[in-house]
Engineer: 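Have a look at this one before I ask anything.
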Amino acid sequence: MAYKTIITIGRQYGSAGKEIGLKLAEKMGVKCYDKELLDRAAKDSGLCQELFENHDEKPTNSFLYSLVMDTYSTGYSSAAFADMPINHKIFLAQFNSIKELAKEGSCIIVGRCADYALAENPNLLSVFINARMDVKIRRIATKYNLTDAKAKDLIVKTDKKRASYYNYYSNKKWGDAASYNYCIDSGYLGVDGTVDLLKNLVDMKEGKV
């Protein structure tokens, strides 16, 4: 039986959020979108893919944030879109592509305020993956051959950017339990255990067990 649930995964850097998303997608037989979302948004919008890569989950300023809020809360014309700052165009293109992906069926979307874009979708299951700092340091240091100090610095800086991006574009707080349906420490059960936990959660949600 096919799934209906759309799973969005917010994640701390080094928590294995992307790996968990990919493995869960394989078990469910659905697609997982991480960087692939950038390709889709570029194709849907006609904008250069390099622009999406350069602006991916990076914070903007409060003035631009207010422009975005005004635009997608009131609607916008093609002429208005043409005059928008590039950050604005990138966010809206991703926002629209996320909604289109959800219409196509069950899938997993990593990051990019997907839970906010799909807040009104009845099939949404929003998840945030975190882990203790020592677990994240070990993962990043090993993956990129870094010292513990450099790994920690990279983790802190990356999460700061993700938090700024999410907090600007949504009306919620990145990593706050109240912003998601479930928050899970991936270091507690490990990657495979977390995948199994989420799979069971989706099965129970859809009455498959």
Side-chain angles (χ1 to χ4, degrees), residues 1-40 56-57 98 101-102 104-118 121 123-148 150-163 165-166 172 174-209:
M1 185 184 298
Y3 286 96
K4 297 182 296 182
T5 303
I6 311 295
I7 303 168
T8 61
I9 298 180
R11 73 287 185 226
Q12 292 179 339
Y13 189 60
S15 67
K18 178 180 179 180
E19 183 179 352
I20 289 167
L22 289 169
K23 288 191 173 186
L24 179 60
E26 184 178 359
K27 283 205 168 191
M28 292 175 60
V30 302
K31 292 183 178 180
C32 178
Y33 297 92
D34 180 27
K35 294 292 185 182
E36 296 81 3
L37 176 60
L38 307 184
D39 299 336
R40 175 62 180 262
D56 189 28
E57 289 192 293
I98 288 169
L101 287 172
E104 295 172 7
S106 179
C107 64
I108 297 170
I109 304 175
V110 180
R112 287 128 193 131
C113 293
D115 60 305
Y116 183 61
L118 301 176
N121 191 310
N123 295 320
L124 173 66
L125 175 64
S126 62
V127 178
F128 187 83
I129 307 293
N130 64 281
R132 296 194 320 271
M133 181 57 79
D134 63 306
V135 173
K136 293 185 292 185
I137 288 174
R138 185 163 59 252
R139 174 178 291 276
I140 296 302
T142 300
K143 184 175 182 178
Y144 297 107
N145 193 28
L146 300 174
T147 64
D148 285 0
K150 288 185 177 180
K152 182 176 182 179
D153 184 60
L154 182 58
I155 290 166
V156 170
K157 288 180 177 178
T158 302
D159 281 352
K160 184 176 181 180
K161 290 178 182 178
R162 288 178 178 176
Y165 180 87
Y166 185 90
K172 302 183 290 183
W174 186 82
D176 190 315
S179 298
Y180 310 89
N181 296 130
Y182 290 92
C183 292
I184 302 173
D185 182 343
S186 61
Y188 189 70
L189 293 175
V191 171
D192 291 336
T194 301
V195 170
D196 290 340
L197 177 65
L198 288 171
K199 172 68 163 47
N200 290 336
L201 184 61
V202 174
D203 286 342
M204 286 189 286
K205 176 179 180 292
E206 297 199 7
K208 298 181 186 295
V209 292

Engineer: Count the heavy atoms of every other residue, nucleotide or ligand shown that sit under 6.0 Å from CD of Glu26, and state whether that count exceeds 12.
Structural biologist: no
Engineer: Would you check, one step at a time, whether the test side chain to side chain contact (heavy atoms under 4.5 Å, CB included) holds for Arg11 with Ile20?
Structural biologist: CA-CA 10 Å; Arg11 73 287 185 226; Ile20 289 167; over 6 Å; no
Engineer: Minimum heavy-atom separation for Ile6 to Gly105, with atom names?
Structural biologist: CD1-O, 3.1 Å
Engineer: Can you give me the closest heavy-atom contact between Ile98 and Ala117, atom names plus distance?
Structural biologist: CG2-CB, 3.8 Å
Engineer: If I take atom CG from residue Asn145 and atom CD1 from residue Ile140, how far apart are they, to the nearest 0.5 angstrom?
Structural biologist: 12.5 Å
Engineer: Take Asn181 and Ser126, measure what side-chain hydrogen bond (donor to acceptor under 3.5 Å, both in side chains) needs, and give me the verdict at the end.
Structural biologist: CA-CA 5 Å; Asn181 296 130; Ser126 62; 3.1 Å; yes
Engineer: If you take all heavy atoms of Cys107 and Leu101, which pair is closest and at what distance?
Structural biologist: SG-O, 4.3 Å
Engineer: Which heavy atom in Met28 sits nearest to a heavy atom in Ser106, and how many Å separate them?
Structural biologist: CE-OG, 3.9 Å
Engineer: Determine, for Tyr13 and Lys161, whether the Lys NZ or Arg CZ falls below 6.0 Å from the six-membered ring centre while staying within 45 degrees of the axis.
Structural biologist: no
Engineer: Give the intermediate values and the outcome of salt bridge (Lys or Arg N to Asp or Glu O under 4.0 Å) for residues Lys199 and Asp203.
Structural biologist: CA-CA 6 Å; Lys199 172 68 163 47; Asp203 286 342; 2.9 Å; yes
Engineer: CG of Leu201 to CG of Leu125: how many Å apart, nearest 0.5 Å?
Structural biologist: 5.5 Å
Engineer: Quick one: do Lys23 and Thr194 satisfy side chain to side chain contact (heavy atoms under 4.5 Å, CB included)? Show the steps, please.
Structural biologist: CA-CA 10 Å; Lys23 288 191 173 186; Thr194 301; over 6 Å; no
Engineer: Counting only heavy atoms not in Arg40, do more than 12 sit closer than 6.0 Å to its CZ atom?
Structural biologist: yes
Engineer: How long is the gap from NZ on Lys31 to CD on Glu104, to the nearest 0.5 Å?
Structural biologist: 7.5 Å
Engineer: Report the C-alpha separation of Leu198 and Ile184 in whole Å, then their side-chain angles, then the decisive distance to 0.1 Å, and conclude whether the side chain to side chain contact (heavy atoms under 4.5 Å, CB included) test is met.
Structural biologist: CA-CA 9 Å; Leu198 288 171; Ile184 302 173; 3.4 Å; yes
Engineer: Working to the nearest 0.5 angstrom, can you tell me the gap between Ile129 CD1 and Lys18 NZ?
Structural biologist: 15.0 Å
Engineer: Out of Tyr166, Trp174, Tyr182, which one pairs with Phe128 under the ring-ring contact (aromatic ring centres under 6.0 Å, His included) rule?
Structural biologist: Trp174
Engineer: I'd like to know if the side chain of Glu206 reaches the main chain of Tyr3, judged simply by a donor and an acceptor atom lying under 3.5 Å from each other, with no hydrogens or angles considered.
Structural biologist: no
Engineer: Nearest 0.5 angstrom please: Glu36 CD to Asp34 CG, how far?
Structural biologist: 6.0 Å
Engineer: Please indicate whether Lys172 has more than 12 foreign heavy atoms, meaning atoms of other residues, nucleotides or ligands, lying under 6.0 Å from its NZ.
Structural biologist: yes
Engineer: On a heavy-atom basis, which atom in Ala131 and which in Gly187 lie closest, and how many Å separate them?
Structural biologist: CB-N, 4.3 Å
Engineer: Out of curiosity, Asp185 CG to Gln12 CD, how far, rounded to the nearest 0.5 Å?
Structural biologist: 8.5 Å
Engineer: Do Lys152 and Thr147 have side chains that approach each other closer than 4.5 Å (heavy atoms only, starting at C-beta)?
Structural biologist: no
Engineer: Looking at Lys143 and Glu19, does any basic side-chain N land under 4.0 Å from a carboxylate oxygen?
Structural biologist: no
Engineer: Inspect the contact between Asp148 and Arg138 and indicate whether a charged nitrogen and a carboxylate oxygen are less than 4.0 angstrom apart.
Structural biologist: no
Engineer: What are the two closest heavy atoms between Gly21 and Ile108, and how far apart are they?
Structural biologist: O-CD1, 3.5 Å
Engineer: Can you find a heavy atom in the side chain of Ile137 that is under 4.5 Å from one in the side chain of Arg139?
Structural biologist: no
Engineer: Begin from the C-alpha positions of Asp196 and Lys27 and carry the test side chain to side chain contact (heavy atoms under 4.5 Å, CB included) through to its verdict.
Structural biologist: CA-CA 9 Å; Asp196 290 340; Lys27 283 205 168 191; 2.5 Å; yes
